[in-house]
Amino acid sequence: MSDEKTAAAPRSLAEALRARDDASLAALLRSRPDLITPVPTDLTQLATRAGTRASVVRALERLDRFALQTAEALAVAGDPATYEELLGLIAGDAQDPPVAAALPRAVATLREQALVWGGDDRLRLVRTARELLAPSPQHPSPTGLGPTVREATSGMSPGRIQEIVATAGLPSTHDSVSAVDSLTALFTDRRRMAALLAGAPADSLDVLGRLVWGPPYGQVTPDPAPRLRWLLDRGLLLPTAPGTVVLPREVALHLREGRAHRAPEPVPPAVEAAAAHRPQVVDATAAGQAHTALATVEELLKDWDEGGPNVLRAGGLSVRDLKRTAVALDVSEPVAAFWVELAYAAGLLASDGEADERYAATPAYDEWLERPPAERWALLAETWLTATRTPGLVGGRDAKDRALSALGPGLDRSAAPEVRHRVLTLLAGLPEGGAPSAESVLARLRWERPLRGPQRAPDEDDLRGRLARWTLSEAELLGVTGRGALSAHGRALLGPQPPATAAAKARARTTAAASAAPAAPAPTGPEGAGDKLPVHKHHRAPEASRPETEAQPQPQQPRPDLGPGPLSPSEQAVASAAAARLLAPLLPEPLDHVLLQADLTAVAPGPLRRPLADTLGVLADVESKGGATVYRFTPGSVRRALDAGRTASDLHAFLAAHSRTPVPQPLAYLIDDVARRHGHLRVGAASAYVRCDDDALLNEILADKRSAGLRLRRLAPTVLATQADPATLLEGLRAMGYAPAAESAEGDVLIARADSHRTPPRTAPEPVPDGPPAPDATLLAAAIRAIRAGDLASTAPRKPTTAQVAGGELPRTSSAETLATMQAAVLTGEALWIGYVNAEGAASQRVIAPIRVEGGFVTAYDHTADEVRTYPLHRVTGVAELADDQI
């Protein structure tokens, strides 16, 4: 029976994949989408690609902390290792129940992602993963373990090895290999090692305690102290280089009671609510902030309506322009950068592409303004959730120490959409109205995606943590959350969520409590005399560091719920529409009236309808914003409305129609007074001239000292001329208190309504993907079918041909032989193995069942493609018959 089991055991990762069913292969390709870009030709190629360094690194970085700890333990175990050996490394000699219960899930995860293969009696970590995770002097393992006795003694002289064996009380051997085996057997025998260490000096045990949890290397002097000499003589410390010693892995595992990690973390830390609010309060607060978000984006683009700041030569917004924008929006600079980047990512803002390039609104902005407020918010929220642009980086430095500017290059981070979605999903897992602490969210994210090793760039070390903090603050700004809790429309933005029962939550809390363990003391302390070893206070784990076991977990612990990933574009569009429907009733209804006051102000008690807001924005200046907006009428604002083509009667009628209070007399007098003087002076182009029927008024202007800078001169009793341009002349006269009007060459008054500056049609910036996109069900099914068929073509036994006997792998047959074999297969219904070269010159192997041969083409059922296809015979390089009973 054991022989049959051994014969059935896979000998390679390719054989292990070949034994999987379609559902298991689909799970692998879904978790590692880079493996099907492009689709492998067969399972052997899939296994080869799954073992490449780039793919393995990417897979390891997406493991949760306990699955990664399991892989690290396998990297220091034997190759192959048994499940019992792995369990001992993870759970220790005490066999901690929570760790033992979580281990099957971790092994299943590693198997699913093809990082581990083989049965429980022969677990193998893929070679590349072992190379990445195994301890080495250049890349220490997170376990803190060092090399094995065999590895540490590989360069040691045979005589020195025999001396160590003899001093350790072991019989001498005839060769170094058996001596090392004998020493390894001693260090892995708990009873004999306990007896050996019982006779060790206390100072020597203290030295071992400093190295037990890593790093395992230490410095010694040429004349070691007696406590070090005792350890060196017995192989408990082994020299690796002049002045450097290492604690062998077997010795460290004995001192650790068999554990590879100081603190295994089988259960993710819970995200607990730090505050609780009524859901109605959360939704109302979030809706108010959503309304403010819409108003802020409108104000930003309205401020840039006639053309915004110039584009820097290297791209982006200058620091000065960002400060000006922040002042105009009355927000801080980081918040201003967020709104600018959001408008850009939504396609509402872009550069105009002119010679003097500057930023302006796009035509999509005008379309966005016409949509209902809830739909406008949904577009902003969806853009924020899926964009890779990261406003929080503005003001920082890139890898080349260049400043990162708003709207500039270098702000894309492909992890941003995943982190935003995951943070909101964690908030959705809390009871409605629950607001978590940022620390608990960060702790959960660190468990789900732990940082691996010190090889990361400083910018990437805490990127996910910073993205999570930015997500929490940006979600509040945007109105996705209210008072720190996820709103109803924010929850809908994530799409349908799996139901979480109270029993499931109770089980999660019980498991988390059962696995809680205080942290072991940090490895600190003074250096010892006569050596330079790091100090640890304990050479074995304290009893208090073991997980409590009063609350026993379930025999089979479920896989931690990482939640659904980001939605596909079509699913996100549906979710955004649902969020808009929930938000719409909560937004304030736009008003069609204002309250005019005698102090030349108008109060808008809420948001105004667009035509009213646009006209009032020209006629008056905004004095203050908030729940109610206060507008102030001034001579300049009234003149602005008259310049835009309005008459005094139009303004009186407009105010009377949209005011719930009578038009105050001071306001009516102001409009009439400005209108009476408006256009009395006419400015045209001479370079510029002023004409007026009242020559006394022109005399008054010439006599005014403030006009000296305009350098006016009289051409006629009613005309003054200047070398200044008309715009400068208009501004100068208005500064002197006059109300001139511009006129055309024909003498008609020019309406000075500002034209909105728009860029040519622009598409929103595409997010930078974090690797290949996750395949959908259709692509997975097609890919698995193609891989299976290609594997069949490459592994099916064939009858030998003359060309193969001569040494060729692909069949090479003449055209006549190919045609004859094809025609015979049509009559017999047999399947053939062919070599085929397509129109692009790519060669492939295929298994086909010919149906008919005519006109230089063969029509056959292609087992590789799982469909009937027609192939030109001249592209078939050769043909061979398959062995009997293979198809």
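On a predicted model such as this, the values are computed, not experimentally measured, just so you know.
Proximity of D352 to E357: side-chain heavy atoms (C-beta onward) are separated by under 4.5 Å at one or more points. T390 is listed as a side-chain neighbour of W470, based on a closest heavy-atom distance under 4.5 Å. The shortest distance between side-chain heavy atoms of W339 and P391 does not fall below 4.5 Å. Between R466 and L393, the closest side-chain pair of non-hydrogen atoms falls below 4.5 Å. Side-chain atoms of L710 and L729, non-hydrogen and from C-beta on, do get closer than 4.5 Å to each other. Put simply, the side chain of P436 reaches to within 4.5 Å of the side chain of L430, judged on heavy atoms. Proximity of Y344 to L411: side-chain heavy atoms (C-beta onward) are nowhere separated by under 4.5 Å. At least one side-chain heavy atom of W377 sits less than 4.5 Å from a side-chain heavy atom of L478.
Within a 6.0 Å radius of CZ in R371, more than 12 heavy atoms belonging to other residues, nucleotides or ligands are found. In the displayed structure, D330 atom CG is contacted under 6.0 Å by at most 12 heavy atoms of other residues, nucleotides or ligands.
Checked by atom type and distance alone, the side chain of R420 pairs as donor or acceptor with a backbone atom of W384 at under 3.5 Å. Remark: side-chain polar atoms of Y359 are paired, donor with acceptor, to backbone N or O of G316 under 3.5 angstrom. One N or O on the side chain of S637 and one on the backbone of L619 form a donor-acceptor pair closer than 3.5 Å. Looking only at distances, a side-chain donor or acceptor of R714 sits under 3.5 Å from a matching main-chain atom of P717. Judged by distance alone, with hydrogens and angles left aside, the side-chain atoms of S707 form no donor-acceptor pair with the main-chain N or O of A703 at under 3.5 Å. Side-chain N or O atoms of T601 include none that pairs as donor or acceptor with a backbone N or O of Q597 at under 3.5 Å. Judged by distance alone, with hydrogens and angles left aside, the side-chain atoms of T661 form a donor-acceptor pair with the main-chain N or O of L596 at under 3.5 Å. Remark: the backbone N or O of L317 is not paired with any side-chain donor or acceptor of R320 at under 3.5 angstrom. For the pair E589 (side chain) and P607 (backbone), a donor-acceptor distance under 3.5 Å is absent. Between the side chain of E476 and the backbone N or O of G484, at least one donor-acceptor pair lies under 3.5 Å.
Taking all atoms of both residues into account, the shortest heavy-atom contact from A364 to G347 is CB-O, 3.7 Å. Here the closest non-hydrogen pair linking H277 and A275 is NE2-CB, 4.0 Å. Closest non-hydrogen pair, A688 versus A724, comes out as CB-O, 3.0 Å. Of all heavy-atom pairs spanning P417 and T386, the tightest one is CG-O, 3.5 Å. When all heavy atoms of L407 and E341 are compared, the pair lying nearest together is N-OE2, 2.6 Å. The two residues A485 and G434 come nearest to each other via the heavy atoms CB-O, 3.4 Å.
H658 pairs by the ring pair (Phe, Tyr, Trp, His ring centres under 6.0 Å) definition with F654, not counting sequence neighbours. With sequence neighbours left out, R609 forms a side chain to side chain donor-acceptor pair (under 3.5 Å) with no residue at all. Take L730 and apply the side-chain contact (heavy atoms from CB on, under 4.5 Å) test, not counting sequence neighbours, and it matches V683, R734, P740, A742. Partners of R376 by side chain to side chain donor-acceptor pair (under 3.5 Å), not counting sequence neighbours, listed by chain and number: E298. Taking the side chain to side chain donor-acceptor pair (under 3.5 Å) definition, one finds that T296 meets it with nothing, sequence neighbours left out. The side-chain contact (heavy atoms from CB on, under 4.5 Å) search around S649 returns T647, not counting sequence neighbours.
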TODO: Apply side-chain contact (heavy atoms from CB on, under 4.5 Å) to L294 and L380, showing your working.
DONE: CA-CA 9 Å; L294 294 177; L380 296 180; 3.9 Å; yes
- [ ] Tell me, with the steps shown, if R640 and D621 meet salt bridge (charged side-chain N to carboxylate O under 4.0 Å, His left out).
- [x] CA-CA 10 Å; R640 185 171 63 231; D621 299 323; 2.9 Å; yes
- [ ] Could you give me the CA-CA distance, side-chain angles and deciding distance for R758 and Y365, then say whether side-chain contact (heavy atoms from CB on, under 4.5 Å) is met?
- [x] CA-CA 9 Å; R758 294 289 181 264; Y365 170 62; 3.7 Å; yes
Open item on the list: What verdict does the side-chain contact (heavy atoms from CB on, under 4.5 Å) test give for L655 and F633, after you've listed the backbone C-alpha separation in whole Å, the side-chain angles of each residue and the deciding distance to 0.1 Å?
Closed with: CA-CA 12 Å; L655 294 175; F633 300 94; 4.1 Å; yes
Open item on the list: Evaluate W368 against V297 for side-chain contact (heavy atoms from CB on, under 4.5 Å), listing each step before the verdict.
Closed with: CA-CA 11 Å; W368 180 74; V297 173; 3.8 Å; yes
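Atoms CG and CZ, on D672 and R676 in that order, are 6.5 Å from each other to the nearest 0.5 Å. The structure places CZ of R491 at 8.5 Å from CG of L494, a figure rounded to the nearest 0.5 Å. Residue H489 holds its NE2 atom at 8.5 Å from OG1 of T481, rounded to the nearest 0.5 Å. Taken from OG1 in T718 to CG in L698, the straight-line distance is 7.0 Å, to the nearest 0.5 Å. Atom CZ of R581 sits about 10.0 Å away from atom CD of E375, to the nearest 0.5 Å. A distance of 6.0 Å separates CG of L600 from CG of L670, quoted to the nearest 0.5 Å.
Evaluated for a side-chain contact (heavy atoms from CB on, under 4.5 Å) with M736, the options E700, E731, R706 yield exactly one hit, R706.
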